Structures are given as structure tokens and as C-alpha cells.
Amino acid sequence: MSGQQCESNPSAALFERERELEVVEQAVRGLCDRADGRREVRRGGLLLFSGDAGLGKTALLQQTRRVAESCEGRCVVLSARGSRSAEKVPFHVVRQLLQPTLAAMSTEERQELFGGWYEIAGPALGIVPPLGPQADPQGVRDGLDWVITQLALKYKPLIVLIDDAHWADQESLSWFTSFAVRLTELPLLVVLAYRPLELPDHSPAFRELVQEGAASPTELRALTPDAVAGLVRDALGPGADDPFCREVWAVTGGNPYETVELIAKAQDRRMEPVEESAALLRDLGAAARGRGLVSRLEKLGPSVTRFAWAAAVLGTEIDAKLAANLAGMGPSEAADAADRLREARILTGTTSLEFFHPLIATSVYKGIPAVTRTAMHGQAAWLSADAGKGVAVSARHLLEVHPDNDPDVVNQLRAAAREHLAVGAPDAARNCLERALLEPPAEEERATVLYELGCAALLTSPQTTVNHLRAALDLPDLSDDLRVDATYRLSQAYAHNNQLREAAEVVADQALRTPAGTGRMRLQAAHFLWKGIQVEEEDAEGRSRRIAELTRDLKGRDNSERALLLLRAWDGMIRGENALEVNEFIDRALVDGKQAPGMSWTNLEWGFEIPSLAGIVYAFTDRLDEAAVLFDKAVREFEAAGWSGAHLAFAHDFRGLVLRRRGKLAEAEEALRRGLALGHRLGSGLPLQRNGTCLLIDTLIARGKVDEAQKVAEENTFLPPYSPAVVLPDAACLAGRLLLERGMVKEAIAELEAAGRRLEERGRNNVVWAPWALDLARAVADEEPERARALADRALRHAQIFGTDTAIGETLRRSAVLEGPEERLVTLERAVHFLSTSPCRYEYAAALVDHGAALRAVGRRAEAVERLQAGLTLAERCGADGLVTRARAETEACAM
């Protein structure tokens, strides 16, 4: 059997793979088989084949394809292969998988398949030019999820083959790792092969998936001596003696690829398979790998070697014409070199070339002298650009070139970084910009490159952003506009890294150095933002005075003024100032009642934090319709832009806040769980999860689901020390309430007293956002009734200053428990009056039930039943299960 026959005959590489072949057969048939003559919906899964180079992983994937092709068109196979040479080209593997199928479609068919994800995921796949400066990586992954799901559901079951996954690019592995959890829900089978000792450091989640995930990898082993003897006798004849066969096994270690290659070379030399020939096998085997392969290549001549080097530098899917140009050859000489390399089983293919095996590609590449290899990468970069391959392809070659003070290299890498950001590959952008700094750029451009690098890392590595933006700000060459923007983004990075004090300090420092105007006001707004949301803020009263003075005469003439007005409204709300006056600042910050141009949810200049303040203030001042409009728009804008990471998680949290305030508790719970789920995809313990956690706990307590609230607290590490940033509702107040609901009164008192001291010291007196005094009054009522009454009176004074129906009505309702029967009736009647005009339906339902219970207690049963029935109906509508149970019990007691 010749070497070419060994390549085409799958059985040679599949000796002793009966178990693996059975797994493949069952998985593919299980996905594609028909039932009763009709298509049966089947679920797929993940098959992992793990093993060192040459153990037959590729052969198993090829066999998977053959089994799939035998299913008479009942499935579609997509395939890709990782490549060490293309490991830094973002979405390289994903493009291999999907581009052939997408290329066969018309533009209209592709748009229908993608739906709303066309302009979000299309750029990553290379079928749509990017539209924006920076795509959200999570949004791109979600778009890819949608596309492959639609292919599996709308067309035929999919079988996805990924070979050499250890060399896949970071972006493709990131997508696959997040998508893998859905495989069992879809008619989609993924078969993945990798080398366990070469798993990439850049994708720890992928490493965890294959090492510790639900799908246990099938580990391929070397062939036994008997299997090697069988291969030898199949190829060289049954007369091959035992010593010869044993030596083949000893030379190759039972590696299937090396065994087949050694047998092929023995056959090419017409070697007799007997003991006398066995001594020649070791030298023959050495020629198949490492230095021996390089020596064999050199014997083919300098032009053939040069063409092989060019192919190795280009990597996978090698364009034969580009390889010829890189090797400095004409068409005829290149064609002859390619033919000789195919005959030597080094290359395969025609127009698009591939190495016969990754082991060969690695050996050839490592065999290129270092200086020559670097020079060829430089040539490949420019040739790729001239051939229209795009800056991403050129950049991966430039990353291998030694720094040489070349401004063109810097420009190419910066252009590639912009393209990487636009398709949702910030880590690839970082690689390009970090390399550009080493070139280095011209001194006057260095600060700008550092700025670009800091911006590229903002979504994925706040600490990296901090380092680079600080370095940029230390240089004198940033323009005034970039200096302001760099400072603002630096403050965002600090805030995302839980360094709120540093965030406030850096903008305050730069504001002093910035001339009066919109730039300085932007920095002042950031300073007030990061100061004002600190839980342990120092000089909170002073900061409140300064922002009040600064905004007193502002009209909202530009976005810097509008941002300051929104921050003034936030400060007033959290301090419990009159709600009507607070909302006047919001009204001055809006344009015809809407967000101003340039302050949309997806605007990068201001971020989402500033626009969100208007909705939060509305939510706590009983203007829930306006809050709902703002936050519904946030969800739509984030989804349309493909921002489905932290931004969309926050938007669902804010929607949950509005629904909670409306009393739509079940819908609020759903929105908040969705927001938390989105946040958890980005990792655990992130700041964005704290708002969602607190709001969900608060909602579950309102529903009467205290055990579930405690479970959410434990799952999301809701423990002291709480968030350094203000959350909704206040975290420590909520912790005290949860302890109280669980009957842990002593612990609740300690928590609430500490919260109260902290809030009072900072003048934060909003009884809706932070109702510590009412909860503490309830906790100490039995032991310290006078103190409880004083706490309730304090809360009522602040509620009356704030002036909303909800604040006053809810404070009256919760204070009534401290009074005698007759006084309680009067107070609860007042509570019902205020809450009847409040948009907060849960609080109104609770007041009705409380009033009904108080009426029953003094024997006014008919009135009690009327109140209880109204409260029960509203509680059911709210989804307040605990309140429903209580209302029914009180109603039944009235009938006794």
C-alpha cells in the first residue's frame, strides 16, 4: 500500500478505535435517524476526542463526516480546523464553519436567517462591513448563537467538526464555550478534537469545559504492538515477520500517523519486512518528523524548500498564488515545487493548499531560520494586504515581525485594531496595539496609541485600561478632547473595578487642569457621579452643597449641563428632598420630555450611567410611566446595537425596578432573573450583579418568598461588606430586612443600626430607597416601644418632606403597627387614602389588608371583609403570594 493509499484509506488510522467509532456512529445516527417514516426531532450534544499529535483525532473526525454523509442528506456537516498560524485571527474558526454555507445563500436569504442579528454578527463572519466603532463581544456571541441555532432548526440537523481546537482563536473558543451549554437542546452535534497538553492559556473557560464539563473526553491511546503488526501486514504483506513489526512499533511508539508514514516510506524503498531490515527503520522514522523532516525537505532542493517555508508562514487554507509570490517564484516554478511537496506527502490540495499533517506544518515552520522567518512574515503582511486579504490577516503576520521603528507597521496595526473592535474582538485589538507600542510609534503619536489601547481594554480588562490611560495622560501630546475623553473613560474603568474613590479623584484632578467649558463640566459631572454613588462617601454634605450651587442656574443648554442636572436630581432623590423640586431638575435635563441627542443609551461619550439617573429618580418619585418609557427604550436600544452584556443586564434590572414599584411582582422577578442571568455570563461577583441581586431579594420578600430571597442572597454572595456603590434598594437596609423576615431579630437590629448611622451621617433620608428606620422600629418595638415610636416619627417627617403618596402612605402603614387599636385604624385609613392614588399597587394592597385586619380586630367585620376582599384581589393581581395567604386567613377569621 503506497503512502497515498494510506492517506485515503481511513482504516489505517482507525485501528483499535472500535469504541470511538461506535460512539461516533451512535451519536450521528441518533441525530439523523428517521422514526416511522417522519423526521424525528433529535437532540445533539458534544463529543470530545483528546490525544497527542498523530493519535488519529483527524481520522475520527473524517470518519464522522463519512457516517454523516451516509445518512442520505438528513444532516449538514460544518467543519473547521484550528491553526497555530491563525490563532490570533479573530473568529477564524467560526468563519471556516459558517462561511461556506452562507456564501451559497443570496443576500436576502442571509438577512432572513440572521433576523435582527445581521449587522451585529455579520461583521464577525466577514459578510457585512462593520457599522460602528466598537461591537459588544457578548452581543456578537449571541448573534452567532442565533445563526447556528436557526441553521439547525430551520434547515437540517447540524454536525459541527472542529479539529485542532487547541489552536483555535480566542474569539471562536469564547463563543463555542458559551454556546456549548445549549447543545443538548438542539439538533446539533459538535465533535471536537484537541491536544490536552496544548490547551490555550487565553481561553480558561474552554479549558474548564473540556476538562471538567459534563461531556467527558475520549482519550486516544497509542496503538498496541498487535495493531501495528496488523497495519504492517496489511500494507507490506502477511510475510512481515514479528521482529520487523515490533521494531515499527518501537520506532513510532504506536503513534498511528507515524506508523502509517513509516510503513509508507518502507514500501517506497521496497524494503523487505524482515528482521534484517529492521535496523533501517529508526533512521527512516526520524525523517518523518522534526529535524529529520527538515533534512528530507532540504534534499528536495532550495526552491522546493523555499515554497514549503512560504506555505508554513501563511498557515492554513494556503493560497497557492500568494505562496508563490512569498517564495519569489513564477507560476511554473511554484507549480513544480507544489507537485514535489505533494509527492513527498508534505502538502496536499491544489489551488488551496494544506499541510499533510499539523506535525509536518510545525516542523517546517520551526525549521525556517529565525531571521528568514521574521522577514517572510513581514513580506506576507504586505502581500496579503495587496491581495485584498484585509488588515486582520496582515496584522497576524505583523505580530511576528521584530520592532523596527516603522510608521507603516504602526498604522497597519492600529487599523487592524479598529477592525477587531468593530467586529467584537477587543482582545485581538489589544494584541495589535500592544505590538504597535513596541514598534514604537512616533513620539507625538504614543499618547494616542495608549489611549486607543486603554479604550480597547475597557470591556474586558478594566485594570489594563487604567494602566494605559494613566500612561496616556502622563504624556503631553494628547489633544484637549482626547484628554477629557481619556480621563472620563479612566474613571469608568476605575468604577468598573470597584475603585470609586480613585474614579472620583482622577476626574476631579483633571477638571482643575481643564479650561472652562463643556470638557470641564463633563469631568465635573463624572466627579459628582462617582462621589455620589459611594456608600462610604466622605464629605457627602459638602458634595451635595457644591452640586446644588453649580446647578442652581443651569438651563440644560448642552449635554454637560444636562448631565449635571441629572446628577443634582439623583442627589436630591437620595437625600429625600421634595420630589416635585427634584423632578424639576429632570425636566430641565430633557428635551421635549425625551433624552437629548448625544445622550442616548448607547452613546459612548457619557455611558449609560448618566441617562439611567433620570429613570431611577422617576421610579422613586412615583413617575413610573416616564421611568418605564426610558428603561424600555434602553432595552430596545441595547438589543438593536447588539449590546447584550453588562448594559443589557442593567437595563433589565432597571425594568425590574419599575415593575417592582408598580407592584407587578411576578413580572419584576422575571425581568430581574433575566438581568442576573445575563450578568452571570460575564463572570461572578461583578458590580453589575449587585443591583439585580438587591432588587430580586426585595421583590421576593414582597412576594412572601423569604426562603427564595435567602437562596438568591447566598448564590450571589450577598454578604458584608456590601457593594461600595449605592444600589437599589440600599444593600445594608435590605440585609436588615431579610434578617428580620427570617426571624433573626438581634442580627437585624445590629445591621439596621449600622445602616442608619451611615445614611444619617451623609444626609441620605429617602424612606423609600432606604427604609431602615421603619424596619428598625418594627425590630425594637417589643423591647423599646418609645424608641420605635421615635424612629417611626422620624421616618414620617422625612416622608412628608419627600412628599410622594407612596412615601407618606407606606410610612403611615408601617408605623401603624406601633399604635393602639383605635389610633391604628385612623393611621391605616390615612395610609389607604395616600396609597390609593399611588402607582405602587403592592403597597396599596398591603394597606388594604392591614386596614381590614385592624377593622376585624375591633369587631367591624362587614367593613373588614370589604377591605380584605379589595386587598386580596389586588394582591393576587400583584403576585404577592404571602399577602394573598394573609388576606384569605383574615377573611376566614371574619366569618367565625
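From a predicted model like this one, the values you see are computed outputs, not experimental measurements.
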Quiz item: Between Thr717 (side chain) and Ala713 (backbone), is there a donor-acceptor pair under 3.5 Å?
Solution: no

Quiz item: With the threshold set at 4.0 Å, does a side-chain nitrogen-carboxylate oxygen contact exist between Glu541 and Arg545?
Solution: no

Quiz item: Under 4.0 Å between a Lys/Arg side-chain N and an Asp/Glu carboxylate O for Glu753 and Arg758?
Solution: no

Quiz prompt | Glu536/Arg762 salt bridge by N-O under 4.0 Å criterion | solution = yes

Quiz item: Does a side-chain N-to-carboxylate-O contact under 4.0 Å join Asp625 and Arg662?
Solution: yes

Self-check item: Reported OG1-to-OH distance for the pair Thr806 and Tyr842, which is rounded to 0.5 angstrom
Solution: 13.5 Å

Self-check item: Side-chain ion pair, Arg813 and Glu843, N-O less than 4.0 Å
Solution: no

Quiz item: When you measure from the side chain of Glu561 to the backbone N and O of Arg557, does any donor-acceptor pair fall under 3.5 Å?
Solution: yes

Self-check item: For Glu670, all residues meeting side chain to side chain donor-acceptor pair (under 3.5 Å), sequence neighbours excluded
Solution: none

Quiz prompt | Thr804 side-chain N/O to Ala807 backbone N/O, donor-acceptor pair under 3.5 Å | solution = yes

Self-check item: N/O donor-acceptor pair under 3.5 Å between Lys531 side chain and Glu538 backbone
Solution: yes

Self-check item: Within-4.5 Å side-chain heavy-atom neighbours: Glu639 and Ser644
Solution: no

Quiz item: Under the salt bridge (charged side-chain N to carboxylate O under 4.0 Å, His left out) criterion, do Arg856 and Glu890 qualify, and how do the steps go?
Solution: CA-CA 8 Å; Arg856 183 187 69 79; Glu890 290 285 351; 2.7 Å; yes

Quiz item: Would you call the rings of Phe638 and His647 parallel, tilted or perpendicular if under 30° counts as parallel and over 60° as perpendicular?
Solution: tilted

Exercise. Count the heavy atoms of every other residue, nucleotide or ligand shown that sit under 6.0 Å from CD of Glu866, and state whether that count exceeds 12.
Key: no

Practice problem: Kindly indicate whether a cation-pi arrangement holds for Arg522 with Tyr488, taking the cut-offs as under 6.0 Å to the six-membered ring centre and within 45° of the axis. | Solution: yes

Exercise. Please confirm whether the backbone N or O of Tyr494 pairs with a side-chain atom of Gln499, one donor and one acceptor, at under 3.5 Å?
Key: no

Quiz item: Just wondering, more than 12 heavy atoms not from Arg501 lying within 6.0 Å of its CZ?
Solution: no

Quiz item: Taking atom types as modelled and ignoring hydrogens, do the side chains of His680 and Asn716 form a donor-acceptor contact shorter than 3.5 angstrom?
Solution: yes

Exercise. Measure up the Phe654 and Phe650 rings against each other and bin them: parallel (under 30°), tilted (30 to 60°), perpendicular (over 60°).
Key: parallel

Quiz item: Any donor and acceptor pair, going by atom type alone, linking the side chain of Asp730 with main-chain N or O of Cys733 inside 3.5 Å?
Solution: yes

Self-check item: SB check Arg552 Glu581 (cutoff 4.0 Å)
Solution: no

Quiz prompt | Pair Arg703 + Glu669, salt bridge at N-O below 4.0 Å | solution = yes

Self-check item: Crowding at CG, Asp539 (>12 non-hydrogen neighbours, <6.0 Å)
Solution: yes

Quiz item: Under 4.0 Å between a Lys/Arg side-chain N and an Asp/Glu carboxylate O for Glu760 and Arg794?
Solution: yes

Quiz item: Are Arg660 and Glu667 close enough, and set up right, to give a salt bridge (charged side-chain N to carboxylate O under 4.0 Å, His left out), and what steps lead you there?
Solution: CA-CA 8 Å; Arg660 163 65 182 90; Glu667 294 175 52; over 6 Å; no

Quiz item: Between Asp653 and Arg674, is there a side-chain N and carboxylate O pair less than 4.0 Å apart?
Solution: no

Practice problem: Salt-bridge test for Arg673 and Glu708: reply yes if a basic N is under 4.0 Å from a carboxylate O, no otherwise. | Solution: yes

Quiz item: Does Gln595 use its side chain to pair, donor to acceptor, with the backbone of Ser600 at less than 3.5 Å?
Solution: no

Quiz item: Tell me, which pairs form a salt bridge (charged side-chain N to carboxylate O under 4.0 Å, His left out) where one or both residues lie in residues 814-827, sequence neighbours left out?
Solution: Asp775-Arg814, Arg789-Glu819

Exercise. Look at the side chain of Asn559 and the backbone N and O of Arg562, then say whether any donor-acceptor pair between them is shorter than 3.5 Å.
Key: no

